[in-house]
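Quick notes on the structure that follows.
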Amino acid sequence: MRHIEYKDIDENVYKETLDNGLEVFIIQKSGYNKKFVTYTSKYGSIDNHFKVDGKEHRVPDGIAHFLEHKMFEKEDGDVFDLFAKGGANANAFTSYDRTSYLFSTTEDFYKNLTLLMDMVEKPYFTEETVAREIGIINEEIKMYQDNPGYRLYFDTIGQMYDELPVKIDIAGTLPSISEITKDHLYLCHDKFYHPSNMVLIMVGDFNVEEAMKFVKDHQDGRGKIKPLDVERILPDEKRNVVKPEHSLYLDVAETKVMLGFKNEKIDSDKERLTRDLAMMFGLDMVFGEQSDYYYQMLEDGIIDDSFNFAHNEEKDFAHILMTTQTDDPGKFTQTILDIIEDIKNKDIFEEDKLINQKREVLGDYLSSLNSPEYIANQYTKYHLDGYDLYQLPEIIEQITVEDIKKYIFDALNPEYMVECVLQPEDEKVSTDG
């Protein structure tokens, strides 16, 4: 077992890769009453095409999310009820590239840990339970389809991405969900819930040797597990957007617009994290609530307090999204384009601003390290993205004004922008009339 000590922030991590390939991390938080655990598969919604031991497989969209739902259902009942009886709060989520199962508790830790590991490692699917779940998830998808914010987001993503499955809802589609069988579920569980494709992270006050031995003994009890070579097959996505302009009409009272700027993916883990942080600082300097551009747009009525922006940096894709409620979406879009041109000729990316931003971000980061939930979830995220949560301050300090300029001018390229406008249905009627 390897011990990593981060003296500057007083954090201690214990790590071991077990014989079956499972990575186990114990993050020691002395004096904490609550313990928090995540058990994560490197398997998400975009993994619908893959090859295992030379054999190629295609599965229906939405199967990772479907599998997450079904893991809580066993032959003898719902595992959620068992966690509740054990004094634990349990949950799970699926993203584009991972599925996490988690619980927090202040009592019966090892009982709940066993429950989590057994639940994730021992699937139970029948044709009847799969059919029932299809109905449940279909209703979930229909509910989201009626949500204007959801529709605006996925219509925007759909205009940016041509081939990559990121354009498909994590829950799948009504047609794809109806195709899922118990054989699909067993296949994907067997291949992607293999211990060598999973990470277990425990945060709290532990007897470290005891906790690690408990996990080892449990994993040894599974018997010898053959290593698997899983190759994810993703389409070659170009940077060009599918369609630069798009409108949708729903039963809403106000018009909203979303702009998307598509970027190239970065293969280097460190450079990807550097760009993510640099973009966060740069976008805040240009469009944040302390910026002159923000106040001018607000004063001119081009945006309201619903205006927001975000940079999304993942291993397989990257983009910026901006959205606001507005009476004049064309004016909003043109103003953003004018600002993009304007910042090329002004020194708005200043060292003093960057220093203040770094100080604020590092303050929030250090405060968050008091939360076992934050640590477990973020440590999982950064580890699977190829980096280390506790080395984040080091990367933040290394970000320069030149980094910001390098990345932001490339990212905010109008050539790779889409505009998606959500309007009230009666606007379409009057336009058509």
Side-chain angles (χ1 to χ4, degrees), residues 46 96-97 153 156-164 166-167 234-246 257-288 291-294 297 307-324 332-351 353-355 357-358 361 382 385-387 392 395-420:
I46 65 174
Y96 291 114
D97 63 353
Y153 171 80
T156 304
I157 295 295
Q159 302 314 308
M160 281 199 288
Y161 292 93
D162 185 27
E163 299 287 343
L164 203 64
V166 66
K167 67 180 182 177
L234 288 173
D236 183 22
E237 178 76 35
K238 305 299 183 184
R239 191 174 179 184
N240 294 335
V241 301
V242 177
K243 183 181 174 184
E245 296 177 357
H246 175 71
V257 59
M258 180 174 282
L259 303 182
F261 293 84
K262 188 177 179 182
N263 211 337
E264 298 277 10
K265 71 172 186 174
I266 292 177
D267 292 328
S268 163
D269 294 333
K270 184 173 181 180
E271 186 180 354
R272 190 167 57 251
L273 179 58
T274 299
R275 180 169 75 175
D276 194 22
L277 292 168
M279 289 299 301
M280 176 183 70
F281 291 133
L283 288 172
D284 192 57
M285 285 187 196
V286 180
F287 300 107
S291 75
D292 292 339
Y293 293 117
Y294 174 85
M297 286 193 293
F307 173 68
N308 67 79
F309 55 88
H311 174 254
N312 193 353
E313 185 80 55
E314 302 291 346
K315 277 192 172 184
D316 298 301
F317 62 91
H319 56 249
I320 298 167
L321 296 176
M322 299 182 189
T323 185
T324 194
F332 168 75
T333 300
Q334 188 56 53
T335 300
I336 295 298
L337 292 174
D338 291 343
I339 291 172
I340 292 170
E341 279 302 307
D342 199 45
I343 62 175
K344 294 176 183 177
N345 303 308
K346 289 185 177 179
D347 293 327
I348 73 160
F349 304 110
E350 300 171 353
E351 188 65 35
K353 290 181 183 177
L354 181 57
I355 290 171
Q357 286 179 318
K358 287 181 178 180
V361 169
Y382 281 104
D385 285 345
Y387 220 71
L392 198 56
I395 299 297
I396 290 172
E397 290 294 356
Q398 292 174 1
I399 301 293
T400 66
V401 168
E402 291 307 310
D403 287 329
I404 294 173
K405 291 178 180 178
K406 169 186 172 183
Y407 292 118
I408 200 166
F409 292 144
D410 178 57
L412 291 174
N413 188 332
E415 184 178 349
Y416 307 110
M417 185 193 84
V418 302
E419 176 196 63
C420 191

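Between the OG1 atom of Thr335 and the CE atom of Met297 there is a distance of 7.5 Å, given to the nearest 0.5 Å. Summarising the geometry, atom OH belonging to Tyr382 is positioned 10.5 Å from atom CD1 belonging to Ile395; distances are rounded to the nearest 0.5 Å. One finds the CZ atom of Phe349 at 7.5 Å from the CE atom of Met285 (value rounded to the nearest 0.5 Å). Expressed to the nearest 0.5 Å, how far CG of Leu337 lies from CG of Asp342 amounts to 12.5 Å. A distance of 13.0 Å separates NZ in Lys344 from CD1 in Ile339, rounded to the nearest 0.5 Å. Atom-to-atom distance recorded for Asn312:CG and Ile157:CD1 is 7.5 Å, nearest 0.5 angstrom.
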Report task. List the steps, then state whether side-chain contact (heavy atoms from CB on, under 4.5 Å) holds for Leu392 with Leu273. Result -> CA-CA 9 Å; Leu392 198 56; Leu273 179 58; 4.1 Å; yes
Query - Stepwise side-chain contact (heavy atoms from CB on, under 4.5 Å) check, Glu419 with Leu259 - result: CA-CA 5 Å; Glu419 176 196 63; Leu259 303 182; 3.8 Å; yes
Report task. Show your reasoning for whether side-chain contact (heavy atoms from CB on, under 4.5 Å) applies to Asp276 and Met280. Result -> CA-CA 6 Å; Asp276 194 22; Met280 176 183 70; 5.7 Å; no
Report task. Could you give me the CA-CA distance, side-chain angles and deciding distance for Asp410 and Arg239, then say whether salt bridge (charged side-chain N to carboxylate O under 4.0 Å, His left out) is met? Result -> CA-CA 12 Å; Asp410 178 57; Arg239 191 174 179 184; 3.3 Å; yes
Query raised in the report: Where do Ile408 and Met279 land on the side-chain contact (heavy atoms from CB on, under 4.5 Å) test, with the steps shown first?
Result: CA-CA 6 Å; Ile408 200 166; Met279 289 299 301; 4.1 Å; yes
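For residues 307-323, the pairs satisfying salt bridge (Lys or Arg N to Asp or Glu O under 4.0 Å) are Arg275-Glu313, with sequence neighbours left out.
Contact check for Leu321 versus Met258: side-chain heavy atoms found under the 4.5 Å cut-off. Contact of the His311 side chain with the Phe261 side chain is not registered, since no non-hydrogen atoms from C-beta on lie closer than 4.5 Å. By the 4.5 Å heavy-atom criterion applied to side chains, Lys243 and Val418 are not counted as neighbours.
Using cut-offs of 30° and 60° on the angle between ring planes, the pair Phe307 and Tyr294 is tilted. Ring-plane geometry between Phe309 and Phe287 is classed as tilted, the angle between the planes lying from 30 to 60 degrees on a 0 to 90 degree scale.
Nearest approach of Ile46 to Leu234, heavy atoms of both residues: O-CD2, 3.6 Å. The minimum heavy-atom distance between Arg272 and Asp267, with the atom names listed, is NH1-O, 3.5 Å. The minimum heavy-atom distance between Lys265 and Phe317, with the atom names listed, is CB-N, 4.1 Å. Counting all heavy atoms, side chain and backbone alike, Cys420 lies closest to Thr156 at CB-OG1, 3.2 Å. Across every non-hydrogen atom of Ala278 and Ile404, the tightest pair is O-CG1, 3.7 Å. In plain terms, the two heavy atoms of Phe281 and Gln357 that are nearest each other are O-NE2, 3.1 Å.
A salt bridge links Glu237 with Lys262; the closest basic N to acidic carboxylate O contact falls under 4.0 Å. Of the charged side-chain nitrogens involved, none lies within less than 4.0 Å of a carboxylate oxygen, so that Asp403 and Lys406 do not count as a salt-bridged pair.
The closest donor-acceptor contact from the side chain of Lys358 to the backbone of Ile399 lies under 3.5 Å. Under the 3.5 Å distance criterion, the side-chain polar atoms of Asp385 are left unmatched by any main-chain donor or acceptor of Tyr387.
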